[in-house]
Amino acid sequence: MIKIAWHPLYAHPLPEGHRFPMLKYELIPEQLLHEGTITQQNLFNPEPVSEDIILLTHEKTYWEQLRDLTLSAKDQRRIGFPLNAQLLERELRITQGTIDATHFAMDNGIAFNVAGGTHHAGSNWGEGFCLLNDQAITANYLLNKKLAKRILIIDLDVHQGNGTAEIFQKEPRVFTFSMHGDKNFPFRKEISSLDVPLDDGVQDEEYLSALNVNLKKAFERAKPDFVFYLSGVDVLSTDKLGKLALSNAACKERDRMVLQACKDKNLPVQVSMGGGYSIDIRDIVDAHCNTYRLAFDLFG
């Protein structure tokens, strides 16, 4: 059975008018349940991750400032969320959800986290709505537990996975592949194992062609035994922050290319949802739900 990490705390209350679409974390599982793609048995509620696992990836001083809610006002502005105990618990549960999902993926081929994909969090900073880097923490957990020897992180969010790149810049066992908007946030890029910067306005055919070439390259160079996929839907033409011009159909085809490659290579894959900032939240939810629909067709 395909398992999906979700918790009511994922939909964290934010100040009125905040640009982050927190509502999607309620609507994604609701839609999938409503249409019958999943049942309640597919969902599981993760516990908070433990400190020792966090410290495999994030520096102690940064973690303690998060834990003790003493992060400076400047650093909180860089993250974009007001720091409080509930937000911290949310992040801890999201991270454990990704860890748990890797174990389910090893059993079932694929597993999901409704949230996560917090790829802007580096070893000693949070940024861009990201406090802890769930997939980076989980990759280090797998290496530490000797559950994987070589890992590929496929990041197709429209924004570069700068935190992930920084965390693994000296770790040859983790191959980081980021295909992103060149002139988009973060404006100071890090160096991934494979970066594919895209011009503003890139449309379906050009995007999918670039992905086809570079996805093959990433698998060939990484030689992974485990894959993480960050499936942000901020590549859509409707996205307020994305600057690319993909249709919903091309976004779905992007997901199919990644998931089919993992299945064909018999590689377990954990999927975290990443960003999406379209004006109409239905566009966000439908594109995210397409990733699940595909997975249930391929792996269900």
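Atom set for the values below is all heavy atoms of this structure, side chains included, hydrogens, waters and symmetry mates excluded.
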Any chance the side chains of [X] and [Y] put a donor and an acceptor closer than 3.5 Å?
X      : Y      : value
Tyr229 : Asp255 : yes
Asn113 : Asp134 : no
Asn162 : His120 : yes
Asn290 : Asn248 : yes
Asp75  : Ser72  : yes
Asn124 : Thr61  : no
Asp68  : Thr70  : no

For this session: For the residue pair Phe185 and His159, categorise the inter-ring angle as parallel (less than 30°), tilted (30 to 60°) or perpendicular (more than 60°).
Result: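 Perpendicular: the ring planes of Phe185 and His159 meet at over 60°.
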Examine distances only and state if a side-chain atom of [X] and a backbone atom of [Y] form a donor-acceptor pair shorter than 3.5 Å.
X      : Y      : answer
Ser272 : Gly274 : no
Asp234 : Tyr277 : no
Glu166 : Ser123 : yes
Tyr10  : Gly116 : no
Trp6   : Tyr25  : yes
His58  : Asn133 : yes
Lys265 : Gln260 : no
Thr176 : Ser193 : yes
Asn108 : Ile2   : no
Lys252 : Ala287 : no

Exercise. According to the salt bridge (Lys or Arg N to Asp or Glu O under 4.0 Å) rule, which pairs have a member within residues 180-207, sequence neighbours left out?
Worked result: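 Residue pairs passing salt bridge (Lys or Arg N to Asp or Glu O under 4.0 Å), neighbours aside: Lys183-Asp199, Arg188-Glu190.
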Problem set entry | Residue pairs passing the salt bridge (Lys or Arg N to Asp or Glu O under 4.0 Å) test where at least one lies in residues 31-40, sequence neighbours excluded |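 Residue pairs with at least one partner in residues 31-40: Glu35-Arg293.
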Problem set entry | Any residue meeting ring pair (Phe, Tyr, Trp, His ring centres under 6.0 Å) with Tyr207, in chain and number order, not counting sequence neighbours |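 Expected list: none.
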For a 4.5 angstrom cut-off between non-hydrogen side-chain atoms, does [X] reach [Y]?
X      : Y      : value
Gln96  : Asp100 : yes
Val258 : Val227 : no
Leu244 : Ser237 : no

For this session: Supply the members, apart from Leu230, of the Ile/Leu/Val/Met/Phe/Trp/Tyr cluster built from side-chain contacts under 4.5 Å; use none for a lone residue.
Result: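 Its cluster partners, ordered by chain and number, are none at all.
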Exercise. Under the 4.5 Å side-chain heavy-atom rule for ILVMFWY, direct or indirect, which residues accompany Leu9?
Worked result: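 Listed partners: none, Leu9 stands alone.
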Problem set entry | Set of side-chain contact (heavy atoms from CB on, under 4.5 Å) partners for Leu23, sequence neighbours left out |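 Only Glu26, Leu27, Ile281 meet the side-chain contact (heavy atoms from CB on, under 4.5 Å) criterion with Leu23.
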For this session: Starting from the C-alpha separation in whole Å, work towards a yes-or-no answer on side-chain contact (heavy atoms from CB on, under 4.5 Å) for Ile137 and Leu56.
Result: CA-CA 7 Å; Ile137 289 171; Leu56 294 172; over 6 Å; no
Problem set entry | Nearest heavy atoms of Ser231 and Arg254, plus distance in Å |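 Shortest heavy-atom separation between Ser231 and Arg254 comes out as O-NH2, 3.4 Å.
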Approximate separation, where rounding is to 0.5 Å, of [X] [atom1] and [Y] [atom2]:
X      : Y      : atom1 : atom2 : answer
Phe168 : Arg173 : CZ    : CZ    : 9.5 Å
Trp125 : Glu59  : CH2   : CD    : 9.5 Å
Phe129 : Arg78  : CZ    : CZ    : 14.0 Å

Exercise. For Glu220 and Lys217, what are the C-alpha separation, side-chain angles and deciding distance, and is it a salt bridge (Lys or Arg N to Asp or Glu O under 4.0 Å)?
Worked result: CA-CA 5 Å; Glu220 287 167 2; Lys217 193 182 297 184; over 6 Å; no
For this session: Show your working on salt bridge (Lys or Arg N to Asp or Glu O under 4.0 Å) between Glu89 and Arg93 and close with a plain yes or no.
Result: CA-CA 6 Å; Glu89 183 183 346; Arg93 288 185 184 275; 2.8 Å; yes
For this session: Please check if the distance between the ring centroids of Phe177 and Phe175 is under 6.0 Å.
Result: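 For Phe177 and Phe175, the ring centres are not under 6.0 Å apart.
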Exercise. Would a line drawn from the ring center of His288 to the ring center of Phe112 be shorter than 6.0 Å?
Worked result: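 No, ring centres 6.0 Å or more apart.
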Problem set entry | Residue Arg221 excluded, over 12 heavy atoms near CZ under 6.0 Å |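 Result for CZ/Arg221: enclosed.
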Problem set entry | Verdict with reasoning, Gln270 to Thr98, per side-chain contact (heavy atoms from CB on, under 4.5 Å) | CA-CA 7 Å; Gln270 185 277 327; Thr98 296; 3.5 Å; yes
